Amino acid sequence: MSQIPESLYARIRQEVAARADRLWEVSLALHRDPETAYEEHRAARLLAGELEQEGFEVQRGVAGLPTAFVARTGSAVSAREGPSVALLMEYDALPLLGHACGHNLIAAAGLGAALALRAALGVVEGTLLAVGTPAEERGGGKVAEVAAGVFEGVDAALMFHPGVHDWTWAPLTASAQVRVGFHGRAAHPTGSPTEGIDALGALIQLFNTLGVLSRRLPMGSHIQGIVTEGGRATNLVPAYAEGLFGLRGETTSALEQLVEELRSCAQGVALATRTGVEVTDVGGRYEHFRDNEVLSTLFAGHLDRAGIRLSEPTAGVYLGSSDIGNVSTRVPGIHPWIAILGPEASDHTPEFAEAAAGPRARRVMSAAAEALACTAADVLLRPDVREQAWARLRAKAAAGR
């Protein structure tokens, strides 16, 4: 592989260090003022403003999302001309829990990496993008951005995630939300019991059927459902009942098969109970995350300089799902996991929200910003890295992994 002078990496680290206090201020500002999915107006304004102030050209409201933005710098007119890298920022919070997933740190690290790399390079040959990606926790801003072509021409999409493990990549499954509604016929359960067709009974039967199905699901796949509509009165046979189901699969193809299994089960129950049934997707589907080892190995090497050593994920452990999957199946990408708490803890908890504003989180944010910027430099300046990253993505796609 061709090499980059160590002096450039050192300059990047110096630029991150020079901005460390301001980056932490940004992180804490986001932490103090959590905004949930699609409502991150102040967060997007703050981050876009920081980038604009240092010379990035900012486009707001991309992909039809008011709280999404793309900040651009470089010599290329578009990402399709010359090398291109995107640094991703998440900044939505969880209802009631605030930044219990640490998105304030993701945003600050992505911001720091973009600003430091631009300053270190002087003139970016190609395109450097800093992409604001709202609604990761619900809805999937990246799903909309992919559909809108935000990542077309991009050679690498880079981000990190705080957690309770130090892992080179995140085992993230594909996921979907599916609504199942049964239509029956209302009747008095005593006065005219034979006239009723019990929609709630059909829904309950679907839950029982899925319980049997779950026993034979492969590793990484599961179905979890709740009743969202079950009738209004006990003296009336429910004419309508509805359930919402969360489905996950180890791969996107496994998820698609599971959705079809759910659909078949629902149709079978409807036939057996003489009800009508509707099966519909709720929101966009998250695809599984496809790690690019070429890039994640480079990131891990850069992070090691800061004293944080990453290892491979524990086999059989899955961390959930994320819309970064939809990016990673189209563009070489990384999503390393860096611990701000020990493995006995968990994210999406009040304790994790508190840790996301603590001293360990600050160290992780700065280290991640440095490693992201250095990895982005590798992509922009080393044709062999780009070629090998794309070759790896194509090989995984061909293997369905």
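Along the sequence shown, residues are numbered consecutively beginning with 1. These numbers come from a predicted model, not from an experiment. Only heavy atoms go into these numbers, but all of them, side chains included; no hydrogens, no water, no symmetry mates.
Residues S346 and F352 form no side-chain contact, since every pair of their non-hydrogen atoms from C-beta on lies 4.5 Å or further apart. At least one side-chain heavy atom of L393 sits under 4.5 Å from a side-chain heavy atom of R290. Inter-residue side-chain proximity for W169 and L310 is flagged as unmet; no heavy-atom pair is nearer than 4.5 Å. Side-chain contact between E15 and L115 is absent, with no heavy atoms from C-beta onward closer than 4.5 Å. For the pair T67 and E35, the minimum side-chain heavy-atom distance is 4.5 Å or more. Counting only heavy atoms from C-beta outward, the side chains of V277 and L206 never approach each other to under 4.5 Å. Proximity of L88 to I324: side-chain heavy atoms (C-beta onward) are separated by under 4.5 Å at one or more points. Contact annotation: the side chain of L380 never approaches that of E125 to less than 4.5 Å [non-hydrogen atoms, C-beta and beyond].
In terms of the ring pair (Phe, Tyr, Trp, His ring centres under 6.0 Å) criterion, F299 has no residue partners (sequence neighbours excluded). Taking E256 as the reference, nothing meets the salt bridge (Lys or Arg N to Asp or Glu O under 4.0 Å) condition, with sequence neighbours excluded. Scanning for salt bridge (Lys or Arg N to Asp or Glu O under 4.0 Å) contacts around E287 gives R330, with sequence neighbours left out. Under the rule for a salt bridge (Lys or Arg N to Asp or Glu O under 4.0 Å), the partners of D378 that lie at least two apart in sequence or sit in another chain are R382. With sequence neighbours excluded, the residues that form a salt bridge (Lys or Arg N to Asp or Glu O under 4.0 Å) with E54 are R19.
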Quick one: do T168 and I334 satisfy side-chain contact (heavy atoms from CB on, under 4.5 Å)? Show the steps, please. CA-CA 8 Å; T168 53; I334 64 170; over 6 Å; no

Take H288 and T252 through the test side-chain hydrogen bond (donor to acceptor under 3.5 Å, both in side chains) and record every step on the way to the result. CA-CA 6 Å; H288 74 279; T252 303; 3.0 Å; yes

Derivation and outcome, side-chain contact (heavy atoms from CB on, under 4.5 Å), residues I106 and E136: CA-CA 12 Å; I106 297 174; E136 187 275 335; over 6 Å; no

Test side-chain contact (heavy atoms from CB on, under 4.5 Å) on L295 and V385; report intermediate values, then the result. CA-CA 8 Å; L295 301 179; V385 168; 3.8 Å; yes

Might you work through the side-chain contact (heavy atoms from CB on, under 4.5 Å) test for L117 and I12, ending with a clear yes or no? CA-CA 6 Å; L117 181 56; I12 288 171; 3.9 Å; yes

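Side chain of D33 to backbone of A43: no donor-acceptor contact under 3.5 angstrom is found. Panel note: side chain T36, backbone L94; no donor-acceptor pair is recorded below 3.5 Å. Side-chain atoms of N326 do not come within 3.5 Å of backbone N or O of V143 as any donor-acceptor pair. With hydrogens and angles ignored, the 3.5 Å screen pairs a side-chain donor or acceptor of E40 with a backbone N or O of A135. At distances below 3.5 Å, at least one donor-acceptor pair connects side-chain atoms of S328 with backbone N or O atoms of G325. A donor-acceptor contact shorter than 3.5 Å is absent between the side chain of H99 and the backbone of A93. Using modelled atom types, no side-chain atom of K396 and backbone atom of N292 make a donor-acceptor pair closer than 3.5 Å. Between the side chain of D155 and the backbone N or O of V85 there is no donor-acceptor pair closer than 3.5 Å. Put simply, the side chain of N104 gets close to the backbone of A356: a donor and an acceptor are under 3.5 Å apart. Checked by atom type and distance alone, the side chain of T209 pairs as donor or acceptor with a backbone atom of Q205 at under 3.5 Å.
Atoms CZ and CZ, on R45 and R60 in that order, are 9.5 Å from each other to the nearest 0.5 Å. For the atom pair NE2 (H335) and CE (M159), the distance works out to 4.0 Å, reported to the nearest 0.5 Å. Rounded to the nearest 0.5 Å, atoms CD (E152) and OG (S84) are 11.5 Å apart. The SG atom of C374 sits 12.5 Å away from the CZ atom of R11 when rounded to the nearest 0.5 Å. Summarising the geometry, atom OG1 belonging to T73 is positioned 9.5 Å from atom CG belonging to L129; distances are rounded to the nearest 0.5 Å. Taken to the nearest 0.5 Å, the CE atom of M89 stands 6.0 Å off from the CG atom of L47.
Between G141 and D323 the shortest heavy-atom distance is N-OD2, 3.2 Å. Of all the heavy atoms in W337 and A170, the pair that sits closest is CE3-CB, 3.5 Å. Shown here for L111 and L51, the closest heavy-atom pair between the two residues is CD1-CG, 3.6 Å. What you find for A339 and D166 is that their closest heavy atoms are N-OD1, 2.8 Å. When every heavy atom of V180 is checked against every heavy atom of F182, the shortest pair comes out as CG1-CE1, 3.7 Å. For the pair L172 and S321, the tightest heavy-atom approach, listed with the atom from each and the gap, is CD2-N, 4.2 Å.
Salt-bridge formation is not detected for the pair R305/E370: no Lys NZ or Arg NE/NH1/NH2 atom is positioned less than 4.0 Å from an Asp or Glu carboxylate oxygen. Under the 4.0 Å criterion applied to side-chain N and carboxylate O atoms, D21 and R362 are assigned as salt-bridge partners.
Ring planes of F207 and F245: tilted class, angle from 30 to 60°. Ring planes of Y91 and F69: parallel class, angle under 30° (limits at 30 and 60°). In this structure, H165 and W167 have parallel ring planes: the angle between them is below the 30° cut-off, well short of the 60° mark.
Around the CD atom of E52, the shell of radius 6.0 Å holds more than 12 heavy atoms that belong to other residues, nucleotides or ligands. Heavy atoms of other residues, nucleotides or ligands lying less than 6.0 angstrom from CZ of R274 number 12 at most.
For the side-chain contact (heavy atoms from CB on, under 4.5 Å) with V178, the lone residue among L262, L258, V282, T280 that qualifies is L262. Considering E90, E39, K142, E145 in turn, E145 is the only one that fulfils the side-chain contact (heavy atoms from CB on, under 4.5 Å) rule with P134. For the side-chain contact (heavy atoms from CB on, under 4.5 Å) criterion with H161, the lone passing option out of P336, C101, S322 is C101.
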Result block: side-chain N/O donor-acceptor pairs under 3.5 angstrom for residues 217-231, not counting sequence neighbours:
unit_1 : atom_1 : unit_2 : atom_2 : d
T228   : OG1    : E242   : O      : 3.2
T228   : OG1    : E242   : OE2    : 3.0
E229   : OE1    : R232   : NH2    : 3.1
E229   : OE2    : G231   : N      : 3.2

